[in-house]
Amino acid sequence: MDHYTEESLADAVRQERKRQKLTQDEAAARLVESERYDRITKQAISQAENYRPGDGMTGLRVALYEVLTGRGLEGPVWYDAEGEGA
């Protein structure tokens, strides 16, 4: 079971998006398609990928991770029971 801090989760999200060769716009579109969000901007994706303490982006990071990887996370210390976390 792998674990993530908020900062390493931001890195994992960015790495997964790049691994899939998705733009930030395309990642945003995937979130909307998943029906987790009605609308999301590439700027929000950028914020989620670039951790700053207290930035309030943890929920978006979790949603991005789950949508892009197809694996669920459990918190508040984010564990990927199936994957290859930080």
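When only modelled atom types and interatomic distance are considered, Gln20 and Glu16 share a side-chain donor-acceptor pair under 3.5 Å. Side chains of Gln24 and Glu49: a donor-acceptor N/O pair is present below 3.5 angstrom, by distance only. The closest side-chain donor-acceptor pair between Arg61 and Tyr4, if any, does not fall under 3.5 angstrom.
Within the model, atoms CD of Gln43 and OG1 of Thr41 stand 4.5 Å from one another, a figure rounded to the nearest 0.5 Å. One finds the CG atom of Leu64 at 8.0 Å from the CE atom of Met57 (value rounded to the nearest 0.5 Å). The CZ atom of Arg17 sits 8.5 Å away from atom CD1 of Ile45, with the distance rounded to the nearest 0.5 Å.
Between Asp11 and Tyr51 there is no side-chain heavy-atom pair separated by less than 4.5 Å. The shortest distance between side-chain heavy atoms of Asp38 and Val32 does not fall below 4.5 Å. For the pair Val13 and Val62, the minimum side-chain heavy-atom distance is 4.5 Å or more. Lys21 is not listed as a side-chain neighbour of Glu26, based on a closest heavy-atom distance of 4.5 Å or more. At a threshold of 4.5 Å between non-hydrogen side-chain atoms, the residues Leu60 and Ile40 count as touching.
Remark: side-chain polar atoms of Asn50 are not paired, donor with acceptor, to backbone N or O of Gln47 under 3.5 angstrom. A donor-acceptor contact shorter than 3.5 Å is absent between the side chain of Ser46 and the backbone of Lys42. The backbone N or O of Leu31 lies less than 3.5 Å from no partner atom in the side chain of Arg36, so there is not a single donor-acceptor pair.
The shortest heavy-atom contact between Ala10 and Ala48 is CB-O, 3.3 Å.
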